[in-house]
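What follows is a short report on a single structure.
All of these numbers come straight from a predicted model, not from anything done at the bench.
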Amino acid sequence: MSKTVISMKNIIKRYYIGQPNELQILNGISLDVHEGEFVSIVGASGSGKSTLMNIIGALDRPTEGTYFLNNTDISTLNDKELSRIRNSEIGFVFQTFNLIPRTNALKNVELPMLYAGKSKRERSERAMQLLELVGMKERYTHQPNELSGGQKQRVAIARAMANNPSILLADEPTGALDTKTGRLVMDIFHKLHKEEGKTIVLITHSPELAQETERIVTISDGSVISDTGVKDNGLY
């Protein structure tokens, strides 16, 4: 059995605690993700999927419940340790790309490695390899404003892979792209999953995209309402 990368038990998230407008967004979510899985978390706007993503990505802490990431109890970590975990264990891909403006593609991909203390040569070589992997090697000197949406997202995926994280966490990665470009981006995720063995958690509101993954976790009103494997989709 492959190891458990994400283990969440009874995750509750509340805001405005103790105030009259106290709001509970997550209602006791339990979720395990194993190494090498390609999982989608699906839900409509307001379902709680973004809040759950922030907790998975160690960008936010649960109010109650336990979360172990690669056997590390996230609740025991201070902010500095959480920052290190985010940089080394999790690769983030956002709908809005989040590239650094006026910085070329190569330097954008190098950035997480800079924070990780890698040498200049190591950063440069790895960044070029990753840009080649996502089909962006020829554009390594281009700045974000010189790239199309799909090209920006491919650079963002390369950056997410920089420190060889155990999880890729993709939040609506095709949301800002047209259908054809979105297809290219999803093909890269499939390639990373199949050829690099990456564990991928895809947050989406699109049932069609979710059908491309091995497993669909559906959230509604802060609770998991179904958790199913996808069979016979011709991709696996």
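Nearest approach of Arg61 to Asp79, heavy atoms of both residues: NH2-OD1, 3.2 Å. Of all heavy-atom pairs spanning Pro144 and Pro101, the tightest one is CG-CA, 4.3 Å. The two atoms that bring Lys180 and Asp178 nearest to each other are N-OD1, 3.1 Å, heavy atoms only. Smallest separation of non-hydrogen atoms from Ser124 and Leu106: O-CD1, 4.1 Å. Of all the heavy atoms in Leu177 and Gly182, the pair that sits closest is CB-N, 4.0 Å. Of all heavy-atom pairs spanning Ser166 and Val5, the tightest one is OG-CG1, 4.2 Å.
A salt bridge is absent between Arg126 and Glu122; no separation between the charged side-chain nitrogens and carboxylate oxygens falls under 4.0 Å.
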Stepwise, does the side-chain contact (heavy atoms from CB on, under 4.5 Å) test hold for Lys13 with Ile55? CA-CA 9 Å; Lys13 183 62 182 179; Ile55 292 172; 4.2 Å; yes
Given side chain to side chain donor-acceptor pair (under 3.5 Å), test Ser226 with Thr218 step by step and report yes or no. CA-CA 5 Å; Ser226 70; Thr218 306; 3.2 Å; yes
Apply side-chain contact (heavy atoms from CB on, under 4.5 Å) to the pair Phe94 and Met53, showing each step before the final yes or no. CA-CA 11 Å; Phe94 297 100; Met53 190 212 78; 4.3 Å; yes
Check against side-chain contact (heavy atoms from CB on, under 4.5 Å), Leu133 and Lys191: CA-CA 9 Å; Leu133 182 70; Lys191 182 179 180 182; 3.9 Å; yes
One pair to check against side chain to side chain donor-acceptor pair (under 3.5 Å): Asn145 and Lys152. What are the steps and the verdict? CA-CA 9 Å; Asn145 64 358; Lys152 287 178 194 172; over 6 Å; no
Set out, in order, the CA-CA distance, both residues' side-chain angles and the distance that settles side-chain contact (heavy atoms from CB on, under 4.5 Å) for Leu130 and Glu110, then state yes or no. CA-CA 10 Å; Leu130 289 168; Glu110 283 184 13; over 6 Å; no
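Heavy atoms from other residues, nucleotides or ligands lying under 6.0 Å from CZ of Phe97 number more than 12. No more than 12 heavy atoms of other residues, nucleotides or ligands sit less than 6.0 Å from atom CG of Asn71. The 12-atom threshold is exceeded at NZ of Lys118, counting heavy atoms of other residues, nucleotides or ligands nearer than 6.0 Å. The neighbour count for Tyr115 OH, taken as heavy atoms of other residues, nucleotides or ligands under 6.0 Å away, does not exceed 12. Heavy atoms of other residues, nucleotides or ligands lying less than 6.0 angstrom from CD of Glu138 number 12 at most. At most 12 heavy atoms of other shown residues, nucleotides or ligands fall within 6.0 angstrom of atom CG in Asp221.
Side chain of Asn163 to main chain of Ala116: no donor-acceptor pair is present (N/O by atom type, distance under 3.5 Å, no hydrogens or angles). Side chain of Glu37 to main chain of His34: a donor-acceptor pair is present (N/O by atom type, distance under 3.5 Å, no hydrogens or angles). A donor-acceptor contact shorter than 3.5 Å is absent between the side chain of Arg154 and the backbone of Met136. Judged purely by atom type and a 3.5 angstrom limit, Thr213 has no side-chain atom pairing as donor or acceptor with the backbone of Val39. At least one donor-acceptor pair under 3.5 Å links the side chain of Gln151 to the backbone N or O of Ser148. In terms of modelled atom types and a separation under 3.5 Å, the side chain of Ser223 and the main chain of Ile225 share no donor-acceptor contact.
Between the side chains of Arg14 and Gln24, at least one donor N or O lies within less than 3.5 Å of an accepting N or O. Under 3.5 Å, the side chains of Asn98 and Thr96 contain a donor-acceptor pair of N or O atoms. Under 3.5 Å, the side chains of Thr103 and Asn108 contain no donor-acceptor pair of N or O atoms. Between the side chains of Lys49 and Asn54, no donor-acceptor pair is found at a separation under 3.5 Å. Glu89 and Asn70 share a donor-acceptor pair across their side chains, judged by distance under 3.5 Å alone.
Looking at heavy atoms from C-beta onward, Arg159 lies in side-chain contact with Leu99 at the 4.5 angstrom threshold. Using a 4.5 Å heavy-atom threshold, the side chains of Ser45 and His205 count as separate. For the pair Phe38 and Arg215, the minimum side-chain heavy-atom distance is 4.5 Å or more. Under the 4.5 Å side-chain criterion, counting only non-hydrogen atoms from C-beta, Ile29 is in contact with Ile219. Residues Glu214 and His193 form a side-chain contact, since some pair of their non-hydrogen atoms from C-beta on lies under 4.5 Å apart.
Paired with Arg183 under the rule side chain to side chain donor-acceptor pair (under 3.5 Å), one option of Asp187, Thr181, Thr179 passes, and it is Asp187.
How far OG1 of Thr4 is from CG of Leu69: 11.5 Å, rounded to the nearest 0.5 Å. Distance check: Thr51 OG1 to Ile56 CD1 gives 11.0 Å after rounding to the nearest 0.5 Å. Going from atom CG of Leu202 over to atom OG1 of Thr174 covers 7.5 Å, rounded to the nearest 0.5 Å. Taking CG from Asn27 and CD1 from Ile11, the interatomic distance works out to 12.0 Å, rounded to the nearest 0.5 Å. Separation of atoms CG (Leu77) and OG1 (Thr72) is listed at 6.5 Å; rounding is to 0.5 Å. To the nearest 0.5 Å, the span separating OG on Ser7 from CG on Asp32 amounts to 4.0 Å.
With hydrophobic clusters built from ILVMFWY side chains whose heavy atoms lie under 4.5 angstrom apart, Val33 does not share a cluster with Phe68. There is no path of hydrophobic side-chain contacts, each under 4.5 Å, that joins Leu168 to Leu59. No path of Ile, Leu, Val, Met, Phe, Trp and Tyr side chains, each step under 4.5 Å between heavy atoms, connects Val93 with Leu169, placing them in separate hydrophobic clusters. There is no path of hydrophobic side-chain contacts, each under 4.5 Å, that joins Phe92 to Phe189.
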